[in-house]
Amino acid sequence: MRKQERRAVICLLLAFILFAGVVLFGSRFIRDGGKWASFYGNSQIYTDGRINRGTVSDRNGEVLLECTRDGFFYNDDYETRRATVHAVGDPGGNIASGAINVFKSQLIGYDILNGTYDNSSQGKKIRLTIDAEANVAAYEALGGRTGTVGVYNYKTGEIMCMVSTPTFDPADSLPDADDGEGYYFNNFLDGKITPGSTFKLVTATAVIDNIADRDSYTFDCDGENEYEGTDFTDIRSHGEVSFKSALAQSCNGAFGELTREVGAKTMQEYAEKAGLTEPVDVNGIKTAAGSFDFPEDDNIKLSWAGIGQADDLVNPCAMMVYMGAIANEGEAVQPTLIKSATFLREITGGKSLGRYLEKDTAAELRSMMKNNVVENYGEENFDGIDIYAKSGTAETGGYNPDAWFVGFTDDVDAPYAFVVWVKDGGHGSEVAAPIARSVIRTLEANAESDDM
Amino acid sequence: MESILYRLLNMAETYPEIAKEMTTVMRWFFVVLAAYILLVSIISLLTTRCTPEIWGYFLVENGGNYPITHWENVVGRSRSADINIPLRTISNNHAIINRRDDEKWIIKDLGSHNGTVVNGFKLVPNKRYLISTGDEIVMGGVHCTLAPASVEESRNNEKMRRLDKEPVAPWKILLAITLFQVLTIVQLIIGMGTDITAGALICIVLLSVVMWAYVTFFKAMGSRGFEMEMIAFFISTINLAVTASWNPGNTVKQFVAMMMGLSLMIFMCIYMRELERTRKLKPMLIGLSVILLLLNLALGTVKYGAANWIQIGGLSIQPSEIVKLAFVFVGAGTLEELYQKNSTIMYAAFAFFCLACLAIMGDFGTALIFFATYLIVSFLRSGDLSRMILTFVGAALMGLMILRFKPYIASRFAVWGHVWDFADNEGYQQTRTMSFGAGGGLLGLGAGNGQLKYVGASSTDLVFGFVMEEWGFIIAVLLVLCIITLTIFSVMNIVAGRSTFYTICACSAATMFLVQTILNVFGAVDLFPLTGVTFPFLSTGGTSMLASWAMLAFFKAADMRQSASLAVRKEA
């Protein structure tokens, strides 16, 4: 009998295999349960391949999408649907960064305790940070042109407005994904675009930090600004400009020379410090990352790269975050699309991404951006908004250049950083600036009504 | 009457909010009750300490005084001998001393080098001789005697045994299961609405009644240990709920199979109280199995890819499930038999026959269960060279089988470990199991609310996922722990086991349950290729339910706690 007793250990071994397998499965269940439950084959939460529960609304509670067992129901307003579709997502799941894709598990409301059991019987609600009215304002201002508008609160990180065009009506028949028009492409999150003169803000940052006698800097702009056989043409001759007015006039000649003075290595370093070479994480969505080439052995190309041309590519969202950093005394705040249920964020601010600029540098840049508005764009064009900005007119080889307008407002109740890009739009401050103004006006109006 | 019932069943649809609230709350009750029922039973089984009973003493001159704690004992120099005499003239396994049902003793020389002499008579090796206490036994020149346990010692013994932990009283557990069953009926009405049938609900009530009757009757008859039955009744309750959710019409059939299994278990328990008559069943069971399997080969119908069913009238049975019981019996043996070659050869031949039949039927999963059981039991029996040979034979068989099923098995193995990449073809069942299963969370969605039931084989091969979805991860895992507990309990009880026959039976049955559970659970959640095997007590299917209950008799027969088990005769 004792022999059998010893040999019976093999049965315990088998029992242990079963136990170990269940433990292994348990750990996978804890780790991947949400993913498994959200699988499209789960008919508890999908009807005909579409999520059948949950609602997506904007920051003010305006319902943008309702998912039911009878299908998807988008907002009643045609323009709202078109202006918010890239944030909300389309029924076909073509917009990868749409809320119904990215926040699927929140919509399903999976948690490990209840699984997909729906306590509320009405489904989960996702509140986005965007303001549907501001989105509509941006959509209207874009006027059918291709482009993007992004605005976020640089204190809390909440993205207030995110519009990308061309757009479409998700309640209507969906456009073909392969037609090359890019309906499903979110320019704000996924775009990589030539920044043009808006990049001079990065060059200016490098200059502030690295050229001590910048206050005595002058450049004589003759409109052609020939350097080693290449012209760094400006629309007109700016005459003798200082560093400050070179930025205000967006003088290519001066910034070409300043770039060369700063040097290729430092330029690369400042593009990285500005967060423009890494993807931005927006609630788990990774934006496209910008890319640059500052050659050490090619001064011509280096000069072009310093004024936002050559191989420069930026992501609009990253650019917006950089604007926020300048506004927020150098510290960047991570953008978010999900409205936090608590007021904590309002008090403590959003999650910091760290220091992008020194405090003094940010202050100097800030005053230069104000000067841009005063000296060039005209404060009277902004209805009294306390705005700080830089325009851009990027040559991309099209019939018209791309129009850019980036910057921020200084208002305790409405601290917004923004980015506007209109493809083939023309001159930056003429085309893109009014769009920014229109959206910010809408947001400020809504912020005021919030307070009441 | 019918309209009252209909209105009652329609309640959930009339008041969806109230129904929802009830389910929300009841899910907690289910988990708490299940945890109570199963953990109390499991802990009671695992904390038993069996004081081996002393049947007599083996006295060795100038040596010592060895208590005899089993009915079957090996005397020898081997360290694992039950009576271990470390003298060089004694062979490793010198002789066997057995206590018979009628309290007489038997000695048998195992072909030792120096032989055994009793009262001056030299024993012929491998022949049994009756001996009495006081007889002079000389083994390799060493003088020994068998002494009876003294009255005083018997009394001490008795005291020791009284100190043993008693099995947990069944009443609270019974109440908890009954409450669970009542709530299950309520939840099925909420979850299924008018789709549920009165028959399905009545089956759950009847199960409850039978459970109370069984415990009350056998408690009155003097049995004290009911943990294993409690576990079986509990899992059977879940089985009825699963069947009712999956296909309410099948519940009655399932219940009938349960009752047949319970009856067979009671019969087996009582029959197995006496070793001699139990042993004599072997040839009959072999004959019966051969007939059943041959019938299956001749008349088998193909269901789910394997021809392992016989259709008799409106009844379809799975002969291989019943042969499992015979397989356990044939593999077991008394200590004497373990030293007999023909017993070993008979087992090997029977195993070969069964595996060959299963191979022809194409029932890969069951073949794997038989094969694993065969390997483990062979090891328990021999533990040495012959095992190696037997394993080799087995492995060769396995190779043949794999060749036979190649295309079918190859595709199962191909997706193993990455079923999500084949979610809509070869990995369909596993991905659904995991997805719906995870959807159940820890508490489950409530009986009747699941949707895995619309996937093929959900209530059999994928039943683990079915339970995860409707009853939650906690209950599903508790059920697996129950199977593990039965195994540990069997192994723990070997210390006090009467005969290797019973201990091997229990280990063999435990191995079958374990391998079944491993294949069922691992297959459904992609830890192993899907083989299509049932979970004991849990999967729907009449024959498998009947066999699970009957198999319980083997565990009952190994329960050596004092007057605990129905399968062990009370001492006077």
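Every chain is numbered from 1 and lettered A, B, ... according to where its sequence line falls, protein lines coming before strand lines.
Considering SG of Cys11(A) and CZ of Phe379(B), their distance stands at 10.0 Å, rounded to 0.5 Å. Taking CD of Glu5(A) as the start and CE of Met492(B) as the end, the distance is 11.5 Å to the nearest 0.5 Å.
The backbone N or O of Leu452(B) lies less than 3.5 Å from no partner atom in the side chain of Gln44(A), so there is not a single donor-acceptor pair. Distance alone, capped at 3.5 Å, is enough to place a donor-acceptor pair between the Thr116(A) side chain and the Gly439(B) backbone.
Asn493(B) does not touch chain A: none of its heavy atoms, backbone or side chain, sits under 4.5 Å away. Using a 4.5 Å cut-off between heavy atoms, Leu443(B) contacts chain A through both its backbone and its side chain. For Met468(B), the part sitting under 4.5 Å from any heavy atom of chain A is the side chain, from C-beta outward, and nothing else. For a residue to count as touching a neighbouring chain, one of its non-hydrogen atoms must lie under 4.5 Å from one of that chain's; by this rule Phe522(B) touches chain A with the side chain only. For Thr503(B), the part lying under 4.5 angstrom from a heavy atom of chain A is the side chain only. For Phe464(B), the part sitting under 4.5 Å from any heavy atom of chain A is the side chain, from C-beta outward, and nothing else. No part of Asn73(B) comes within reach of chain A, as not one of its non-hydrogen atoms sits under 4.5 angstrom from that chain. Heavy atoms of Thr69(B) lying under 4.5 Å from chain A are absent altogether. Looking at Ala372(B), neither its backbone nor its side chain comes within 4.5 Å of chain A, counting heavy atoms on both sides.
Annotation: Asp424(B), atom CG; neighbour count of heavy atoms from other residues, nucleotides and ligands within 6.0 Å is above 12. For Asp48(A), the CG atom counts as loosely surrounded, since its 6.0 Å shell holds 12 or fewer non-hydrogen atoms of other residues, nucleotides or ligands. Surrounding NZ of Lys35(A) are at most 12 heavy atoms belonging to other residues, nucleotides or ligands under 6.0 Å away. The 12-atom threshold is not exceeded at OH of Tyr15(B), counting heavy atoms of other residues, nucleotides or ligands nearer than 6.0 Å.
Using a 4.5 Å heavy-atom threshold, the side chains of Lys20(B) and Tyr117(A) count as touching. Considering only heavy atoms from C-beta on, Arg432(B) stays 4.5 Å or farther from Asn42(A) through its side chain.
Contact count against chain A (heavy-atom pairs under 4.5 Å) is highest for Leu442(B) among Leu442(B), Thr431(B), Val480(B). Here Ile494(B) is the residue among Ile494(B), Ile483(B), Ile474(B) with the most heavy-atom pairs under 4.5 Å with chain A. The choice from Ser43(A), Ser38(A), Gly33(A), Ala8(A) that makes the most heavy-atom pairs within less than 4.5 Å of chain B is Ser43(A).
Contact record, Ser80(B) with Arg6(A): CB-NH1, 3.6 Å, taken as the closest heavy-atom pair. The two residues Arg7(A) and Arg381(B) make their nearest non-hydrogen contact at NH1-O, 3.1 Å. A pairwise comparison of heavy atoms in Leu335(B) and Gln4(A) identifies CD1-OE1, 4.0 Å as the closest pair.
Contacts between residues 14-30 of chain A and chain B, defined by a heavy-atom separation under 4.5 Å, are made by Leu14(A), Ala15(A), Ile17(A), Leu18(A), Phe19(A), Gly21(A), Val22(A), Leu24(A), Phe25(A), Gly26(A), Arg28(A), Phe29(A).
Side chain to side chain, Arg27(B) and Asn114(A) meet the donor-acceptor criterion of an N or O pair below 3.5 Å. For Ser435(B) and Tyr40(A), the side-chain atoms include no donor-acceptor pair closer than 3.5 Å.
Between Trp420(B) and Phe39(A), the distance from one ring center to the other falls under 6.0 angstrom.
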